[in-house]
Amino acid sequence: AKKSRKVYATQISIMDEGIGKVVEALKQKNMYKDTLIIFTSDNGAVFGNKGSNYPLRGGKQSLFEGGVRAVSFVHSPILQKTGYINRNLHHITDWYVTFQNLVGDDPAKYGKLQLPVDGVNIWGSINQNKTAREEVLMNYRVKNMTQESHEHEFLAKRELEMDNELGDDELNELDEEKNFFVIRWKDWKFFTGSYKVQGWTSENSKDQSALLNVLEVGSETRLYDLATDPREEVNIAEKNSEVVKIMYDKMHSYYKKMTKINKRK
């Protein structure tokens with residue numbers, strides 16, 4: 001693991017050097033003043049060994065914060081507000097809409113059809129720290145309406161391992177609850193259905209009493225307040241029934257918008 005980390009560090013160092021050359025070239029061509037430079041990750045580090053998401057829970061392919069909360073770095077002379085940490089809610093699909101807006105792209109102008117997009121323009125958030133969105137649908141899986149995924153593979157494999165641990169009735173119940181829904185609304189994070197559960201690793205938790213190296217199937221409704229509990233340790237669903245109802249209403253609203261797809265063979 002240490003050797004692979006050294007190789008990775010070397011790759012990052014070389015990439016950093018190359019990007020520096022690109023920036024210098026932009027300045028020489030007098031293009032730097034109109035350039036927006038963005039570094040962004042698409043997910044957290046791999047759970048368990050290839051990185052640290054400390055102090056967050058879980059990692060890549062998990063819907064806990066360690067898997068979905070990623071870092072970005074934005075640099076440009078055109079930014080009005082700089083040198084600060086932006087904690088607003090963004091989604092990776094927002095970049096397309098933001099770039100489209102920045103370059104003045106108007107599909108209607110060229111007689112092009114603009115299909116519906118999931119992203120929103122976050123330039124006001126980046127440039128002036130204004131809130132651009134308060135909700136992100138993390139995932140919504142409805143059986144017979146989605147492609148096969150790593151989540152499906154994990155659940156199928158884990159069910160086989162659970163044969164000796166659970167009775168037939170419990171396994172049937174788990175099978176019926178393969179649907180799952182995870183959403184972030186404001187500072188609330190909501191899970192329901194049957195989903196992958198991850199805890200913390202020794203690398204991203206200094207608390208030895210924490211739930212370490214957990215990889216399990218969860219089937220309970222969970223609600224976390226990320227403003228006070230960013231590690232997603234305390235399930236407060238039972239104490240916040242009104243918020244839970246709002247989340248279920250959102251789930252039903254998204255369901256009405258879902259479209260069946262033709263599965264790949």
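In this chain, numbering begins with 1 at the start of the sequence shown. What's counted below: heavy atoms across the whole structure, side chains too, no hydrogens, waters or symmetry copies.
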Could you tell me whether the side chain of [X] and the main chain of [Y] form a donor-acceptor pair under 3.5 Å?
{"X": "Asn53", "Y": "Ala45", "result": "yes"}
{"X": "Asn235", "Y": "Leu223", "result": "yes"}
{"X": "Asp225", "Y": "Asp229", "result": "no"}
{"X": "Arg184", "Y": "Lys186", "result": "yes"}
{"X": "Thr35", "Y": "Met31", "result": "yes"}
{"X": "Arg231", "Y": "Glu233", "result": "no"}
{"X": "Ser76", "Y": "Ile37", "result": "no"}
{"X": "Ser62", "Y": "Phe64", "result": "yes"}
{"X": "Asn86", "Y": "Ser125", "result": "yes"}
{"X": "Asp94", "Y": "Val120", "result": "yes"}

Hey, could you give me the [atom1]/[atom2] distance between [X] and [Y], rounded to the nearest 0.5 Å?
{"X": "Met247", "Y": "Asn240", "atom1": "CE", "atom2": "CG", "result": "10.0 Å"}
{"X": "Ile92", "Y": "Asp42", "atom1": "CD1", "atom2": "CG", "result": "5.5 Å"}
{"X": "Thr40", "Y": "His90", "atom1": "OG1", "atom2": "NE2", "result": "10.5 Å"}
{"X": "Phe39", "Y": "Asp16", "atom1": "CZ", "atom2": "CG", "result": "6.5 Å"}
{"X": "Tyr254", "Y": "Leu137", "atom1": "OH", "atom2": "CG", "result": "5.0 Å"}
{"X": "Thr93", "Y": "Asp118", "atom1": "OG1", "atom2": "CG", "result": "5.5 Å"}

Would a hydrophobic clustering, with Ile, Leu, Val, Met, Phe, Trp and Tyr connected at side-chain separations under 4.5 Å, put [X] with [Y]?
{"X": "Val97", "Y": "Ile122", "answer": "no"}
{"X": "Tyr96", "Y": "Ile126", "answer": "no"}
{"X": "Ile246", "Y": "Tyr140", "answer": "yes"}
{"X": "Met15", "Y": "Val7", "answer": "no"}
{"X": "Val23", "Y": "Ile12", "answer": "yes"}

Legend entry - Heavy-atom side-chain proximity of Leu102 to Leu36 below 4.5 angstrom: yes

Legend entry - Any side-chain heavy-atom pair of Met138 and Val136 under 4.5 Å: yes

Minimum heavy-atom separation for [X] and [Y], please, with both atom names.
{"X": "Phe181", "Y": "Lys250", "result": "CZ-C, 4.2 Å"}
{"X": "Val244", "Y": "Phe190", "result": "CG1-CE1, 4.0 Å"}
{"X": "Trp95", "Y": "Ser72", "result": "CZ2-OG, 4.2 Å"}
{"X": "Leu89", "Y": "Arg133", "result": "O-CG, 3.0 Å"}
{"X": "Gln80", "Y": "Asn127", "result": "N-OD1, 2.6 Å"}

Legend entry - Sole candidate of Arg222, Arg57, Arg69, Lys189 that passes salt bridge (Lys or Arg N to Asp or Glu O under 4.0 Å) when paired with Glu232: Lys189

Legend entry - NZ or CZ of Lys245 within 45° of Tyr248 ring axis and under 6.0 Å: no

Legend entry - Crowding at CD, Glu238 (>12 non-hydrogen neighbours, <6.0 Å): no

Legend entry - Pairs involving residues 21-35, ordered by first then second residue, that meet salt bridge (Lys or Arg N to Asp or Glu O under 4.0 Å) (sequence neighbours left out): Glu17-Lys21

